[in-house]
Every structure is written in C-alpha cells, then in structure tokens.
Colleague: 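So that we are looking at the same thing, I have put the structure below in structure tokens.
Atoms considered below: every heavy atom in the structure, side chains included; atoms not considered: hydrogens, waters and symmetry mates. Here the structure is a predicted model, which means the values were calculated and not measured.
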Amino acid sequence: MKHSVNRPPTPDEDDAAEGFEKDELTLREIINVKLVESGEKENLMELVRDRLVECGWKDEMRIACREHVKKKGRKDVTVDELIRVITPKGRASVPDSVKAELLNRIQNFIVSAAL
Amino acid sequence: MSGADGNKSSHTELSSQVFLDLVDSVIADVASECHRVARLGLDRDLEVVEEELRLSVEARAKVADPSNNLETNTKFVVDIFGQTHPPVASEVFNCMNCGRQIVAGRFAPHLEKCMGKGRKARAKATRSTTAAAQNRYARHSPNPRYSPYPNSVSENQLASGSPGVADEDCTNGTVRENVKGG
C-alpha cells in the first residue's frame, strides 16, 4: 500500500525487531495524524525550520549541495541525489539544543495526546 | 500497550522518529531549493558565489570589529566603483569673477570676498572701478582702511546705477586689481 502522504522511508532506516516495527509504524501513523489534525505538526515544522536557519545549519546544507553540484555538473543533479548526499550529514549536524527542544515538545504532545 | 515504562521508552523512540521525520522534511526542502537553483543557473558562477561568501565573511568581521574607527571610515567613503572622495575637493580652477586660481574646496569663501557680500569686500570692489574713483580716494585721505563708504556708494551709482551689482564693477576692476596686486 502506498503512503502518498508520507514520504518513502529514507535509505538508512534501521529499525529494531520486525514485529515492533509494524506496531511502531501504526503508532507513528496515529501520531502523525494527530499531529496534523491538531496543527501541532505545522508548529513543529516552523519551529524546526527557524531553529535550523538561526544556527546556520541550513547554510551548511546549502553549501554541501553546492559542492555536490559543482562536482556533478549543474545539469545532471537530481533532487533525490541531493537528498541522499546531505541527509546523513544533515541528521548528524543538528545542534543538540535544537534537538532537545524539539524532542521535548514532541514528547509533551504525545503525553498530552494520551497514548 | 505495556506498562508505564514501556510507554516511556516507546515515547522516546516515537519522539525520535517524529523528530527525524521533521528533519528529513527540512532536508528535502533544502535539497529541492538547491536543485532548483542549480538547474536554473540562478547561482551565477560558483566561483563568484564563493568569492562573495568570502567577502561577506570579511565584511562581517569588519563590521563586528569594534576597533574600527567609524569616523575615519566616513571621511574616506568608498563608492561602488571603488573610488574614494577626499573630504575637501582639491581641484584647482580659475574663478570666473576675478580670474584667480582657486582651490575648489575654498571656492565658496573666496566668492564671498570676491563678489562682495560684506562691507569690506564691497568697498574693495568699488575702490577699483574707475580712475575717477581712484583719484577721489587719493584726494580724500591717505587712510589705508575702507572708511569712505558713502563716497564709494556714490561712485557705485555713477558706475552702474545700482549698488547691489558688484560683479560688474569687479569685472571692470579685474585688470586693476591684478595691477594693484590685490
């Protein structure tokens, strides 16, 4: 079944036991729906974007993209390629403070959503 | 679902997943934006952009640097072509009134004296209008100061008919002034 709303799973996804994975997916979907419906997802997205811009993370990512474009040549790059190139670095270079803030908010939301 | 502890751990796990989801979305946004810029060639030359990055970093450092004396900076302002303009204009040209060579930066005060804004300048100008005026000067009294003001007024009227027009007198008196060495 295609999840058109969700993006396809990123290449480096490393889940635990398979059974748990299934439950987690369903749980994730539930959470996702709740996030979207309550508008909290929108808030979180905006918060993440702001924080990542503030700390220069976005600029670093754009530089990395530019580097790759320089290597590969302007005409040949695809979006998927760029995503693949910068995702590991991007995930790793999120500042701890930003991560902590976001995780906090998400956890509060999950708790308040009574799951 | 399991007990409270289980909930907590799955909460943390869940939160991380949601967080990673969010980050992935932002990454996708950035990649998409960069892809668009790259394909449309909006980035101009990559070398140029790098150069600009370097310059902007330098500029930012300069701005942040407190030891930069802002006053001296404003005096030697650099325009977009990279030319500096010294605070006082230094070009020398000929005054159209008296014909002397004047430094542009000192032209205004010179004009004040030259064209006669005040009493002293006026008297000086009228002094050199005609030979008759000169004679009258000599005849009246050998005082070096410009005391015979009422006489000079009458001389003025004789010469041009309006006391306000000093430049005409001056042009007439140009030669004389030079001869006098004034």
Side-chain angles (χ1 to χ4, degrees), chain A residues 6-7 10 13 15-16 20 23-25 27-28 31-32 35 41 44-45 47-49 52-53 57-70 72-87 89-91 94 98-99 102-111 115, chain B residues 1-68 70 80:
Chain A
N6 300 334
R7 294 190 314 104
T10 40
E13 210 168 29
D15 284 344
F20 188 56
D23 289 342
E24 196 181 311
L25 262 175
L27 206 49
R28 272 175 75 183
I31 290 279
N32 237 342
L35 277 171
K41 178 117 190 246
L44 288 173
M45 280 297 295
L47 183 63
V48 167
R49 283 204 187 100
L52 290 179
V53 166
W57 177 95
K58 185 168 177 186
D59 294 324
E60 288 170 13
M61 292 299 112
R62 288 175 67 198
I63 291 172
C65 286
R66 233 178 256 150
E67 291 302 315
H68 184 79
V69 166
K70 259 205 306 201
K72 276 301 192 64
R74 191 158 70 77
K75 306 273 186 188
D76 292 333
V77 245
T78 64
V79 184
D80 289 326
E81 196 179 318
L82 281 175
I83 293 179
R84 201 183 56 231
V85 165
I86 61 174
T87 291
K89 181 178 175 189
R91 279 184 177 180
V94 176
V98 176
K99 186 167 179 178
L102 262 301
L103 283 176
N104 213 7
R105 267 188 82 148
I106 296 169
Q107 273 180 358
N108 289 342
F109 177 81
I110 294 176
V111 165
L115 276 171
Chain B
M1 289 191 195
S2 40
D5 287 343
N7 267 350
K8 229 182 225 166
S9 63
S10 62
H11 280 184
T12 338
E13 183 77 31
L14 216 45
S15 311
S16 303
Q17 291 297 337
V18 171
F19 174 69
L20 282 178
D21 253 351
L22 290 172
V23 173
D24 285 343
S25 297
V26 184
I27 288 178
D29 283 345
V30 174
S32 161
E33 190 183 319
C34 286
H35 173 262
R36 175 179 171 268
V37 166
R39 287 298 289 260
L40 292 180
L42 293 178
D43 230 351
R44 286 175 296 154
D45 287 339
L46 288 177
E47 293 77 27
V48 172
V49 169
E50 276 179 353
E51 177 75 13
E52 280 189 352
L53 255 175
R54 206 174 43 81
L55 284 175
S56 70
V57 167
E58 273 181 29
R60 231 173 266 183
K62 236 189 235 179
V63 167
D65 187 7
S67 64
N68 247 348
L70 285 174
I80 59 171

Colleague: At a heavy-atom separation under 4.5 Å, does A:Val94 approach chain B through its side chain, its backbone, both, or neither?
Modeller: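 Just its side chain gets close to chain B.
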Colleague: Which heavy-atom pair separates A:Trp57 from B:Val30 by the least distance, and what is that distance?
Modeller: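 Scanning both residues completely, I find the closest heavy atoms to be CZ3-CG2, 4.4 Å.
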Colleague: Going from OG on B:Ser25 to CZ on A:Arg49, what distance comes out if it is rounded to the nearest 0.5 angstrom?
Modeller: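 Here the rounded value is 7.5 Å.
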Colleague: Does the side chain of B:Val18 come within less than 4.5 Å of A:Arg28's, by heavy atoms?
Modeller: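 With C-beta onward as the side chain, the pair stays apart.
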Colleague: Flag the pair B:Gln17 / A:Ile31 as yes when at least one side-chain heavy-atom distance between them is below 4.5 Å, and no otherwise.
Modeller: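 Side-chain contact under 4.5 Å: no.
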Colleague: Is the closest side-chain heavy-atom distance between B:Val37 and A:Val69 below 4.5 Å?
Modeller: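 No - every pair of side-chain heavy atoms lies 4.5 Å or more apart.
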Colleague: Closest approach of A:Ile110 and B:Ser15, non-hydrogen atoms and distance?
Modeller: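 That would be CD1-OG, 3.7 Å.
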Colleague: For each of A:Val98, A:Thr78, A:Val85, A:Asp80, tally heavy-atom pairs with chain B at distances under 4.5 Å, and name the one with the top tally.
Modeller: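 Option with the greatest count: A:Thr78.
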Colleague: Calculate, to the nearest 0.5 Å, the distance between atoms CG and CG belonging to A:Leu44 and B:Asp21 respectively.
Modeller: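 Separation between the atoms: 11.5 Å.
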Colleague: Compare every heavy atom of B:His35 with every heavy atom of A:Val77, then report the nearest pair and how far apart it is.
Modeller: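 Heavy atoms only, the tightest pair is O-NE2, 3.1 Å.
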Colleague: Using a cut-off of under 4.5 Å on heavy-atom pairs, state which of A:His68, A:Lys41, A:Lys75 scores highest against chain B.
Modeller: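 Ranked by heavy-atom pairs under 4.5 Å with chain B, first place is A:Lys75.
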Colleague: Work out which heavy atom in B:Ala31 is nearest to a heavy atom in A:Ile83; give both atom names and the distance.
Modeller: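 Smallest heavy-atom distance, with atoms named: CB-CG1, 3.5 Å.
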Colleague: Under the side-chain contact (heavy atoms from CB on, under 4.5 Å) test, which residues partner A:Leu47, sequence neighbours left out?
Modeller: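 For A:Leu47, the residues satisfying side-chain contact (heavy atoms from CB on, under 4.5 Å) (neighbours in sequence not counted) are A:Arg51, A:Glu101, A:Leu102, A:Arg105.
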Colleague: Considering residues at least two apart in sequence or located in another chain, which fulfil the side-chain hydrogen bond (donor to acceptor under 3.5 Å, both in side chains) criterion with B:Arg39?
Modeller: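 Here no residue qualifies.
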Colleague: I need the A:Leu103 CG to B:Leu20 CG distance, nearest 0.5 Å.
Modeller: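 Reported value, rounded in 0.5 Å steps: 8.5 Å.
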Colleague: How long is the gap from CD1 on B:Ile27 to CZ on A:Arg84, to the nearest 0.5 Å?
Modeller: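 Interatomic distance, B:Ile27 CD1 to A:Arg84 CZ, rounded to 0.5 Å: 14.0 Å.
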Colleague: Examine whether an atom of A:Asn32 lies under 4.5 Å from a heavy atom of chain B, and if so say whether it belongs to the side chain, the backbone or both; otherwise answer neither.
Modeller: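 A:Asn32 touches chain B through side-chain heavy atoms alone.
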Colleague: In sequence, state the C-alpha distance, the side-chain angles, and the governing distance for B:Arg36 and A:Val79, and then conclude on side chain to side chain contact (heavy atoms under 4.5 Å, CB included).
Modeller: CA-CA 9 Å; B:Arg36 175 179 171 268; A:Val79 184; over 6 Å; no
